Enquirer: 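This structure is in structure tokens; I'll ask about it shortly.
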Number of protein chains: 2
Amino acid sequence: MSAQSRTERPDRPESTDRRRELLAIAAELFADKGFRNTTVRDIADAAGILSGSLYHHFDSKESMVDEILSSFQAELFAAYDAVLLSDDDARTKIERAVRLSFEAIDRHRHEVAIFQNEADLLGQQERFAYLAERNAQSREVWITLLDDGLRSGALRPDLDIELTYRFIRDTVWVAVRWYRPGGKLTHTDVADQYLTILLDGIAHA
Amino acid sequence: MSAQSRTERPDRPESTDRRRELLAIAAELFADKGFRNTTVRDIADAAGILSGSLYHHFDSKESMVDEILSSFQAELFAAYDAVLLSDDDARTKIERAVRLSFEAIDRHRHEVAIFQNEADLLGQQERFAYLAERNAQSREVWITLLDDGLRSGALRPDLDIELTYRFIRDTVWVAVRWYRPGGKLTHTDVADQYLTILLDGIAHA
DNA sequence: TACAGTACCAAGCAATTGCTTGGTTGGGCA
DNA sequence: TGCCCAACCAAGCAATTGCTTGGTACTGTA
């Protein structure tokens, strides 16, 4: 009976297969060449249609990035929340948060790249204000994790928490610039090495 | 014979004060908004002249970034060479290379940002092939330093050199996104903390 | 058979872009 | 005084851009 047998999620603009396909094509181009630097004709060419035909599916080029970024962010922050709410010890939570990020890079490379490269500029528009909010939210997650780490004695007491947060954030996300899924290193390999360096340093003990 | 008796450096296009001024203005805009996203009218407005007047000083918008990036790179790699050729021990060389980078961020924020954000795209054009070459050169410098560190026992023997190189490179340069000269932290403060984390890790011993 | 809905095409418009061209201005210098 | 020249203006051109409009082909359903 469900009237929704024929799909349609309540919130999101209905998402057909073709729509998702086009968004994936756009995401790759946005990630590789930048948002502003990618034309609607580029996207249409890659999809094998004319540029005008894109507007059958989307309002504007902007609404394409919007949809790409917002749906990715929702998924990512759900994962963060799961870590925060778990009852692992402080160090384990930090490790999980790091691994989770590399996994996101593995599974949503284009989305991460777009966010890294375009968030600052896009965030200036009201429509993308949620990007800045998510950023603040992510900071709170990490500061909480690091604070707990300090208090529990898992982390060395002389750390500047704010700087450490930036260090971890940058280090983790910037890997999207070179990591390629299917390459020699899995995202787990990368996470292992990164955690080794992050936790114990590169110097010989 | 040389009809160029009156001034003119052999290579570089002659560099007047106004020229340098305009390049500094352009660099700031390129760094903040991206190269493609900055119009010649933006630059001209910021300089208080009309867009066409820029072409009295420069061939093209492209030649502006070219000049900005190439002159910065030359200065940076001269500094790297000095470290490589010194007779410090392996660990000291690594520390110096890290500090040198944060100093570059402090002194040439816009140039570093432009290089970080635009190198991939610009590098695809022949004119900017030197960007990729410089990248390879920088990799060689770091791999050499890390190899020496391993051989001398200064670094822990289980490190993946390639991954460690990327880790350091990313961590160091990405700081240009948030570091602001004149802020609470000097570039030396940042370098100190970064080196602490990098060398000894964040975990409690 | 009639009709509706999806996905697309063909053509083009208005704005923005990098850049060009032919001038004007004002200071330095012989 | 006459001339040069760096620095700039005023106007606009050709290409590229995001997006619109009116139409067409095809598919599924009643």
Side-chain angles (χ1 to χ4, degrees), chain A residues 3-9 12-27 29-30 32-68 114 118 121-122 124-125 127-128, chain B residues 3-9 12-27 29-30 32-68 114 118 121-122 124-125 127-128:
Chain A
Q4 82 227 77
S5 57
R6 185 176 332 191
T7 63
E8 301 179 39
R9 317 246 179 307
R12 304 237 135 249
E14 54 195 320
S15 213
T16 66
D17 283 351
R18 185 53 170 157
R19 236 182 116 79
R20 267 187 293 272
E21 207 176 340
L22 293 172
L23 278 181
I25 290 170
L29 288 168
F30 290 156
D32 286 351
K33 322 197 334 176
F35 173 67
R36 179 77 182 258
N37 210 4
T38 300
T39 71
V40 291
R41 283 170 180 80
D42 288 336
I43 302 172
D45 282 354
I49 60 179
L50 291 185
S51 67
S53 305
L54 284 176
Y55 291 81
H56 171 69
H57 302 273
F58 306 97
D59 281 352
S60 64
K61 183 181 153 188
E62 241 179 34
S63 71
M64 293 190 219
V65 237
D66 196 347
E67 214 170 314
I68 291 168
I114 295 170
E118 318 284 348
L121 270 170
L122 289 178
Q124 292 171 9
Q125 301 170 245
R127 171 170 202 170
F128 294 97
Chain B
Q4 83 219 104
S5 55
R6 94 179 91 133
T7 71
E8 301 179 36
R9 286 151 234 246
R12 303 236 136 252
E14 54 196 319
S15 214
T16 66
D17 283 351
R18 186 54 170 156
R19 235 183 116 79
R20 266 188 293 271
E21 207 176 340
L22 293 173
L23 278 182
I25 290 171
L29 288 168
F30 290 158
D32 286 351
K33 324 198 331 173
F35 174 66
R36 179 76 183 260
N37 209 5
T38 300
T39 72
V40 291
R41 282 172 181 80
D42 288 336
I43 302 171
D45 281 355
I49 59 178
L50 291 185
S51 66
S53 305
L54 283 175
Y55 291 82
H56 170 70
H57 302 275
F58 306 98
D59 281 352
S60 65
K61 184 180 153 188
E62 240 179 34
S63 70
M64 292 191 220
V65 237
D66 195 348
E67 214 169 313
I68 291 168
I114 296 170
E118 317 285 348
L121 270 169
L122 289 178
Q124 292 170 11
Q125 301 170 246
R127 171 170 202 170
F128 294 97

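Just so you know, these numbers come straight off a predicted model, no measurement behind them. First the proteins, then the strands, lettered A, B, ... as listed; each starts at 1.
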Enquirer: Grab the two heavy atoms, one from B/Lys33 and one from A/Leu121, that are nearest each other, plus how far apart they are.
Expert: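 For B/Lys33 and A/Leu121, the tightest heavy-atom pair comes out as O-CD1, 3.4 Å.
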Enquirer: Do B/Thr38 side-chain atoms and B/Leu29 backbone N/O form a donor-acceptor pair below 3.5 Å?
Expert: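 Flag set: sc B/Thr38 to bb B/Leu29 pair under 3.5 Å.
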Enquirer: For a 4.5 angstrom cut-off between non-hydrogen side-chain atoms, does B/Val65 reach B/Glu118?
Expert: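 Sidechains of B/Glu118 and B/Val65: no contact.
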Enquirer: Do the side chains of B/Ile43 and B/Leu22 get nearer than 4.5 Å, heavy atoms only?
Expert: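 Side-chain contact under 4.5 Å: no.
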Enquirer: When the distance from CG of B/Asp45 to P of C/dG18 is rounded to whole Å, what number comes out?
Expert: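 Going from B/Asp45 (CG) to C/dG18 (P), I get 12 Å.
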Enquirer: Starting at CG of B/Leu22 and ending at P of D/dA7, how long is that distance when rounded to a whole Å?
Expert: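 Rounding to the nearest Å, CG of B/Leu22 and P of D/dA7 are 9 Å apart.
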Enquirer: Under the rule for side chain to side chain donor-acceptor pair (under 3.5 Å), what residues qualify as partners of B/Thr39, not counting sequence neighbours?
Expert: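 Side chain to side chain donor-acceptor pair (under 3.5 Å) list for B/Thr39, sorted by chain: B/Asp42.
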Enquirer: What residues form a ring pair (Phe, Tyr, Trp, His ring centres under 6.0 Å) with B/Phe35, not counting sequence neighbours?
Expert: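 Listed in chain order: B/Phe30.
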Enquirer: With a 4.5 Å cut-off on side-chain heavy atoms, are B/Asp17 and B/Arg20 touching?
Expert: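 They are in contact (side-chain heavy atoms under 4.5 Å apart), so the answer is yes.
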Enquirer: Looking at D/dC9, I'd like to know if its phosphate oxygens (OP1 or OP2) sit under 4.0 Å from a side-chain N or O belonging to B/Ser53.
Expert: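 Yes, such a contact exists.
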Enquirer: Quick one: B/His57 NE2 to D/dA6 C1', roughly how many Å, whole number?
Expert: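 Roughly 8 Å, once rounded to whole Å.
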Enquirer: Which pairs count as side chain to side chain donor-acceptor pair (under 3.5 Å) when at least one residue sits in residues 44-61 of chain A, sequence neighbours excluded?
Expert: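 Every pair satisfying side chain to side chain donor-acceptor pair (under 3.5 Å) with a residue in residues 44-61 of chain A: there are none.
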Enquirer: Would you tabulate the pairs of protein nitrogen or oxygen atoms and nucleotide nitrogen or oxygen atoms of nucleotides 11-17 of chain D closer than 3.5 angstrom?
Expert:
{"from": "D/dT17", "atom 1": "OP1", "to": "B/Arg36", "atom 2": "NH2", "distance (Å)": "3.3"}

Enquirer: In whole angstroms, how far is the P atom of D/dT21 from the NE2 atom of A/His56?
Expert: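 It is 16 Å, rounded to the nearest whole Å.
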Enquirer: Round to the nearest Å and state the distance from A/Tyr55 atom OH to D/dG23 atom P.
Expert: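 Result: 22 Å.
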Enquirer: Going by salt bridge (charged side-chain N to carboxylate O under 4.0 Å, His left out), name the residues that satisfy it together with B/Arg36, two or more places apart in sequence or in a different chain.
Expert: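 Scan of B/Arg36 (salt bridge (charged side-chain N to carboxylate O under 4.0 Å, His left out), adjacent residues dropped) gives none.
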Enquirer: To the nearest angstrom, how far is B/Ile49 atom CD1 from D/dA7 atom P?
Expert: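 So the CD1-P distance, B/Ile49 to D/dA7, works out to 10 Å.
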Enquirer: Only Watson-Crick and G-U wobble pairs with both distances less than 3.5 Å should count. Give DNA chain C in dot-bracket notation, marking inter-strand partners with |.
Expert: ||||||||||||||||||||||||||||||
Enquirer: Can you tell me how far P of D/dA7 sits from CZ of B/Arg20, to the nearest Å?
Expert: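 Rounded to whole Å, this separation is 12 Å.
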Enquirer: Whole angstrom is fine here: how far is it from CG in B/Leu50 over to C1' in C/dT21?
Expert: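 Checked: the CG to C1' distance equals 14 Å.
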